[in-house]
Amino acid sequence: MTEFSARVEGVSISGIREVFEAAGEDAINLGLGQPDFPTPAHARRAAIEAIESGAVDAYTSNKGTRELREAIAAKYDRDYSLSIDPGDLIATSGGSEALHIALEAHVDPGEEVLFPDPGFVSYDALTRIAGGTPRPLPLREDLTMAPADVEAAITDETAAFVVNSPANPTGAVQSEEDVREFARIADEHDVLCISDEVYEHIVFEGEHRSPLEFAESDNVVVVSACSKTYSMTGWRLGWVTGSTRRIERMLRVHQYAQACASAPAQYAAEAAISGSQEPVKEMVEAFEERRDVLLEGLAEMDLETPTPQGAFYAMPKVPEGWVDDVVERGVVVVPGEAFGERGAGYARISYATGIEELKEAIEVMRETTRAVR
């Protein structure tokens with residue numbers, strides 16, 4: 001009788017989903033990793049025009065349209081002075097697929113993948129699906145990942161380590177010094193660094209830096225997406241870039257699993273990346289304002305919270321029972337342990353919601369804090 005693969009049996013449904021299902025229909029949702037802003041109008045128009053012209057009625061190249069890949073390459077030149085060959089890019093079905101094909105192409109059964117804990121839920125699951133062995137690493141007090149901890153954890157069985165900055169669920173941004181070190185580690189230990197840069201443009205203090213800027217070998221692969229920067233989570237358009245030989249191997253996975261990313265989404269993404277960036281600026285300014293309101297509220301509750309420098313999440317340390325009580329009172333937050341064992345004792349709060357709703361949720365959190373202490 002056919003049973004299930006050990007890879008799938010080793011993966012469970014995300015703990016985030018459990019929280020959503022436990023909440024009432026009228027709950028204030030501070031659990032979503034999704035901007036509450038519309039997709040830029042010029043991106044929507046580009047998709048509509050492509051649909052009406054019939055341009056989306058056929059497969060695109062497996063890697064994506066040449067025009068989209070040229071737009072992404074131009075973005076890397078504009079943002080980081082990096083010269084990327086459009087042939088060394090694959091348009092994917094969101095950043096999630098980009099991460100998936102990067103792991104599938106580089107991890108053999110039993111090989112280890114290092115990643116932050118607490119960290120994005122997909123790192124552990126996709127490592128297991130690739131047949132690899134997850135190796136979660138503890139974070140510093142400010143919830144950044146220490147390069148020294150990565151280097152110390154590398155063994156002969158290590159296939160890759162994941163860097164996520166700005167980070168989900170912590171909002172932490174790695175310093176330039178850290179990023180340079182991650183690049184050095186990839187070079188000197190001949191191990192792949194997968195840099196998850198999906199939140200690259202949502203930074204409040206400092207600036208985002210990529211290990212791709214500093215690596216001297218081809219041991220860095222970058223994953224990014226339109227999802228957060230352009231509020232295009234539902235469009236499912238991401239990409240991965242790396243050396244020609246690495247892209248060729250990832251393409252082998254992509255072409256059989258996906259064929260090509262959604263054609264309408266590719267046209268929308270091209271316009272979003274090439275067009276006005278003013279909507280991005282306005283969104284980031286709004287997130288920063290919300291962050292400050294949330295941090296002030298948490299500080300008044302005496303909940304210790306490392307200041308998030310990017311993304312749109314905060315992770316306060318919370319008393320036992322705090323998350324359950326907040327959810328019962330009608331505000332959805334996610335328990336830290338949903339993002340790894342070392343997330344226990346924290347809660348992830350998304351401030352991708354209107355400021356009035358956020359203030360209302362803060363009052364609920366205040367009531368909970370008084371009740372559970």
Side-chain angles (χ1 to χ4, degrees), residues 13-37 117-121 139-143 166-172 199 202 204-205 228 231 233 283-373:
I13 299 298
S14 167
I16 301 172
R17 180 57 50 192
E18 295 177 5
V19 175
F20 289 166
E21 291 176 352
E25 290 183 5
D26 297 327
I28 298 173
N29 196 334
L30 303 186
L32 280 178
Q34 173 171 284
D36 61 320
F37 293 82
D117 179 5
F120 181 43
V121 294
L139 302 180
R140 299 164 170 147
E141 282 298 308
D142 66 356
L143 300 181
N168 176 8
T170 65
Y199 294 86
I202 307 176
F204 313 127
E205 278 97 32
K228 315 299 180 176
S231 194
T233 53
M283 182 176 69
V284 172
E285 288 174 351
F287 282 146
E288 184 172 9
E289 179 186 4
R290 296 172 188 182
R291 178 202 65 166
D292 294 344
V293 168
L294 176 61
L295 289 179
E296 181 180 357
L298 294 172
E300 290 172 355
M301 298 174 219
D302 290 326
L303 295 178
E304 182 183 341
T305 311
T307 299
Q309 295 182 311
F312 39 76
Y313 309 108
M315 279 197 88
K317 292 183 178 178
V318 296
E320 186 175 353
W322 191 90
V323 170
D324 289 341
D325 193 89
V326 168
V327 172
E328 286 176 7
R329 292 174 189 264
V331 174
V332 177
V333 297
V334 183
E337 55 265 35
F339 303 96
E341 289 183 6
R342 295 179 180 92
Y346 290 87
R348 189 193 76 169
I349 301 171
S350 167
Y351 42 91
T353 191
I355 197 137
E356 292 307 316
E357 271 199 322
L358 184 61
K359 289 177 179 178
E360 185 180 341
I362 289 169
E363 290 307 309
V364 172
M365 294 177 204
R366 201 186 311 275
E367 294 170 6
T368 284
T369 304
R370 286 195 292 260
V372 302
R373 274 186 170 156

Q: Quick one: list whatever passes side-chain contact (heavy atoms from CB on, under 4.5 Å) with T233, sequence neighbours left out.
A: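 T233 satisfies side-chain contact (heavy atoms from CB on, under 4.5 Å) with Q34, P35, S227, K228 only.
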
Q: Quick one: list whatever passes ring pair (Phe, Tyr, Trp, His ring centres under 6.0 Å) with F120, sequence neighbours left out.
A: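 Here the qualifying residues are Y123.
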
Q: As an exercise, state the distance from CG of L30 to CG of L358, rounded to the nearest 0.5 Å.
A: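 One finds 6.5 Å between CG of L30 and CG of L358.
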
Q: For A311 and P166, work out which heavy atoms get closest and say how close.
A: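 Nearest heavy atoms, A311 then P166: N-CB, 3.8 Å.
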
Q: For the pair F312 and F287, name the ring-plane relationship: parallel under 30°, tilted 30 to 60°, perpendicular over 60°.
A: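 Because their plane-to-plane angle lies in the 30° to 60° range, the rings of F312 and F287 count as tilted.
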
Q: With sequence neighbours excluded, what pairs up with E289 under the side-chain contact (heavy atoms from CB on, under 4.5 Å) test?
A: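 Checked E289 against side-chain contact (heavy atoms from CB on, under 4.5 Å); matches are I355.
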
Q: Run the side chain to side chain contact (heavy atoms under 4.5 Å, CB included) test on Y313 and T170 for me, step by step, so that the C-alpha distance in whole Å, both residues' side-chain angles and the decisive distance to 0.1 Å come before the verdict.
A: CA-CA 6 Å; Y313 309 108; T170 65; over 6 Å; no

Q: Could you tell me the separation between the CG atom of L32 and the OH atom of Y351, rounded to the nearest 0.5 Å?
A: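 The OH atom of Y351 is 15.0 Å from CG of L32, to the nearest 0.5 Å.
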
Q: Table please: side-chain donor-acceptor pairs of residues 323-339 below 3.5 Å, with sequence neighbours left out.
A:
{"from": "D325", "atom 1": "OD2", "to": "R329", "atom 2": "NE", "distance (Å)": "2.4"}
{"from": "D325", "atom 1": "OD2", "to": "R329", "atom 2": "NH2", "distance (Å)": "3.4"}
{"from": "D325", "atom 1": "OD2", "to": "T368", "atom 2": "OG1", "distance (Å)": "2.6"}
{"from": "R329", "atom 1": "NE", "to": "T368", "atom 2": "OG1", "distance (Å)": "3.2"}

Q: Take M315 and L139 through the test side chain to side chain contact (heavy atoms under 4.5 Å, CB included) and record every step on the way to the result.
A: CA-CA 13 Å; M315 279 197 88; L139 302 180; over 6 Å; no

Q: Quick one: pull up NZ in K359 and CD in E356 and give me the separation to the nearest 0.5 Å.
A: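 Rounded to the nearest 0.5 Å, the NZ-CD separation comes out at 5.0 Å.
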
Q: If you take all heavy atoms of E357 and I28, which pair is closest and at what distance?
A: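 In this case the closest contact between E357 and I28 is O-CD1, 3.8 Å.
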
Q: Find the distance between CG (L294) and OG1 (T353) and round it off to the nearest 0.5 Å.
A: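 If I round to the nearest 0.5 Å, the distance is 11.5 Å.
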
Q: For residues 298-310, tabulate all N or O donor-acceptor pairs below 3.5 Å that involve a side-chain atom, not counting sequence neighbours.
A:
{"from": "E300", "atom 1": "OE1", "to": "R366", "atom 2": "NH1", "distance (Å)": "3.2"}
{"from": "T305", "atom 1": "OG1", "to": "L303", "atom 2": "O", "distance (Å)": "3.1"}

Q: Tell me every residue that passes ring pair (Phe, Tyr, Trp, His ring centres under 6.0 Å) with Y346, counting only those two or more places apart in sequence or in another chain.
A: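 So Y346 forms no ring pair (Phe, Tyr, Trp, His ring centres under 6.0 Å) with any residue.
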
Q: Does any non-hydrogen side-chain atom of E320 lie less than 4.5 Å from one of V372?
A: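 Sidechains of E320 and V372: no contact.
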
Q: Inspect the surroundings of CD in E341 and state if more than 12 heavy atoms from other residues, nucleotides or ligands are less than 6.0 Å away.
A: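 It does not: E341 CD has 12 such atoms or fewer within range.
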
Q: Once rounded to the nearest 0.5 Å, what's the spacing between atom CD of E367 and atom CE of M365?
A: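 If I round to the nearest 0.5 Å, the distance is 11.5 Å.
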
